[in-house]
Amino acid sequence: MPTSPFGRTVCAMVTPFAPDGGLDLDGAQQLADHLVTRGGCDGLVLNGTTGESPTTSAAEKTALVTAVAEAVGDRARITAGVGSADTRQTVELARAAEAAGAHGVLVVTPYYSRPPQEDVAEHFRTVADAVGVPVMLYDIPARTGTRIEPDTMLRLAEHPRIAGVKDCANDLLGSAKVIAATGLAYYAGSEELNLPLRAVGGTGYVSTVANVAGPVLAAALDAFDLGRTAEATALNQRALPLIELMMAAGLPGTVTAKALLGALGLPGGPVRSPLRAAFPDRTKALLEAYESTIAGRLRTPTKWA
């Protein structure tokens, strides 16, 4: 089984907010503990897009890392999202996250400016040079406008602190080639590729759906690694309706995850503008899909509670 400084079954955790929209650090600690203790997660990504990083301040980002590090300690690997369109700001966020207790940092390709590949590579090297923790690259060209090309990945893999990739490029061939040629830990960032990427040598996933259904997602990887491929396929298929409704039905994953967390009585709270909460009919459909996913896997009723 692949090992990685970021974990294997990693949840892209929402950032809980209080009813007035302020940061809910108590809720964040409770949710983090739940995800690690009962939610099937051995790693957490904080301050990612699912964590509404575009709407949280640098001080809020640091406070969140500090609080969650206190709550989970060394029971899970904490990776802090520090990406921005500005290399200097990214370095500042990365250093602050490391000082606050993050075990690693997640760095997205600079967005909007669409820099050429050598500039993209230099951005990542600059951040990796500035910290003492492992760096996970975040390749999501649909949002940033720029891919980290496979040849660039090969060059970046030579840096001693660039250790992983959150892969949302949706190019299984390209990813498989980089996995085969490097020691980079590859994580599915597109939920439908959790099992396919593992089958070509990926390490695990960074998942929004894991906020609510982590044990089922983890069980699919466990079954695959034990050679029970039919069971892995069945578990993966059982989760697909929930994955589709949460991630591909018109609402951002942050919105659907928080709707479900609220329905389940777990900390999440409201979303910040420009996002808006899911309507009640969507929340009802999400809850039905969630219950179907969990019930299909349940052997002991309290296992996923």
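The residues of the chain are indexed from 1 along the displayed sequence. Computed from a prediction, not measured in an experiment: that's the story for all the values here.
Comment: E122 engages R125 in a salt bridge, judged by a side-chain N to carboxylate O separation of less than 4.0 angstrom. Salt bridge present: E288 and K284 bring a charged side-chain N and a carboxylate O closer than 4.0 Å.
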F224 and T229: side-chain contact (heavy atoms from CB on, under 4.5 Å), yes or no, with the steps? CA-CA 5 Å; F224 181 87; T229 55; 4.2 Å; yes

Tell me, with the steps shown, if R198 and D225 meet side-chain contact (heavy atoms from CB on, under 4.5 Å). CA-CA 9 Å; R198 179 70 190 94; D225 289 344; 2.8 Å; yes

One pair to check against salt bridge (Lys or Arg N to Asp or Glu O under 4.0 Å): R8 and D222. What are the steps and the verdict? CA-CA 11 Å; R8 172 172 167 268; D222 290 342; 3.1 Å; yes

Evaluate side-chain contact (heavy atoms from CB on, under 4.5 Å) for M153 paired with V165, printing each intermediate quantity in order. CA-CA 9 Å; M153 289 285 192; V165 178; 3.6 Å; yes

For T50 and T208, run side chain to side chain donor-acceptor pair (under 3.5 Å): C-alpha distance rounded to whole Å, both residues' side-chain angles, the deciding distance at 0.1 Å, then the answer. CA-CA 7 Å; T50 301; T208 296; 2.7 Å; yes

Report the C-alpha separation of L64 and E60 in whole Å, then their side-chain angles, then the decisive distance to 0.1 Å, and conclude whether the side-chain contact (heavy atoms from CB on, under 4.5 Å) test is met. CA-CA 6 Å; L64 181 66; E60 287 177 320; over 6 Å; no

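Side-chain contact check for Q117 versus D151: every heavy-atom pair is 4.5 Å or farther apart. Residues T9 and L217 are not in side-chain contact: their nearest non-hydrogen atoms beyond the backbone lie 4.5 Å or more apart. In this structure the side chain of R272 never reaches within 4.5 angstrom of the side chain of L275, judged on heavy atoms. Looking at V10 and K166, their side chains never come closer than 4.5 Å, going by heavy atoms from C-beta outward. Between T56 and F17 there is a side-chain heavy-atom pair separated by less than 4.5 Å. A heavy-atom distance below 4.5 Å is found between the side chains of M13 and N211. Between P110 and H123 the shortest side-chain heavy-atom distance falls below 4.5 Å. R75 has its side chain within reach of D33: a pair of non-hydrogen atoms, C-beta onward, lies under 4.5 Å apart.
Panel note: side chain R147, backbone P141; no donor-acceptor pair is recorded below 3.5 Å. Looking only at distances, a side-chain donor or acceptor of S53 sits under 3.5 Å from a matching main-chain atom of G48. In this structure, the side chain of T256 engages the main chain of G253 through a donor-acceptor pair within 3.5 Å. Under the 3.5 Å distance criterion, the side-chain polar atoms of K258 are left unmatched by any main-chain donor or acceptor of P16. A distance-only check finds a donor-acceptor pair linking the side chain of S207 to the backbone of A210 [under 3.5 Å]. In this structure a side-chain-to-backbone donor-acceptor pair under 3.5 Å is missing from Q30 to P267. In this structure, Y138 contributes its side chain and G189 its backbone to no donor-acceptor pair below 3.5 Å. Put simply, the side chain of R161 gets close to the backbone of A128: a donor and an acceptor are under 3.5 Å apart. Distance alone, capped at 3.5 Å, places no donor-acceptor pair between the E52 side chain and the T254 backbone. One N or O on the side chain of Y205 and one on the backbone of A218 form a donor-acceptor pair closer than 3.5 Å.
Closest approach of T293 and A239 over heavy atoms only: CG2-CA, 4.1 Å. Closest approach of T90 to S84, counting heavy atoms only: OG1-OG, 2.8 Å. When all heavy atoms of A259 and T283 are compared, the pair lying nearest together is CB-OG1, 3.7 Å. Contact record, R143 with T49: NH1-CG2, 3.1 Å, taken as the closest heavy-atom pair. The two atoms that bring L44 and A32 nearest to each other are CD1-CB, 3.8 Å, heavy atoms only. Closest non-hydrogen pair, V212 versus A257, comes out as CG1-O, 4.3 Å.
In the hydrophobic clustering of ILVMFWY residues, with side-chain heavy atoms under 4.5 Å counting as a link, V68 and L93 come out apart. Under a hydrophobic clustering in which Ile, Leu, Val, Met, Phe, Trp and Tyr are joined whenever their side-chain heavy atoms come within less than 4.5 Å, directly or via other members, L106 and V135 fall into different clusters. Note: the hydrophobic cluster containing V133 also contains F124 (ILVMFWY, side chain heavy atoms under 4.5 Å, direct or indirect links). Residues L197 and L195 fall into different hydrophobic clusters, defined by Ile, Leu, Val, Met, Phe, Trp and Tyr side chains chained together at heavy-atom separations under 4.5 Å. No single ILVMFWY cluster, assembled from side-chain heavy atoms under 4.5 Å apart, contains both I140 and L137.
Between the CE atom of M136 and the OG1 atom of T79 there is a distance of 5.0 Å, given to the nearest 0.5 Å. If you take CG on L226 and CG on L221, they are separated by 11.0 Å, rounding to the nearest 0.5 Å. Atom SG of C11 sits about 9.0 Å away from atom CG of L46, to the nearest 0.5 Å. Annotation: the span from L184 atom CG to I162 atom CD1 amounts to 8.0 Å, rounded to 0.5 Å. Within the model, atoms CG of D119 and CZ of R114 stand 14.0 Å from one another, a figure rounded to the nearest 0.5 Å. Considering CD of Q237 and CD1 of I243, their distance stands at 11.0 Å, rounded to 0.5 Å.
E244 CD: 12 or fewer foreign heavy atoms inside a 6.0 Å radius. D281 CG: more than 12 foreign heavy atoms inside a 6.0 Å radius.
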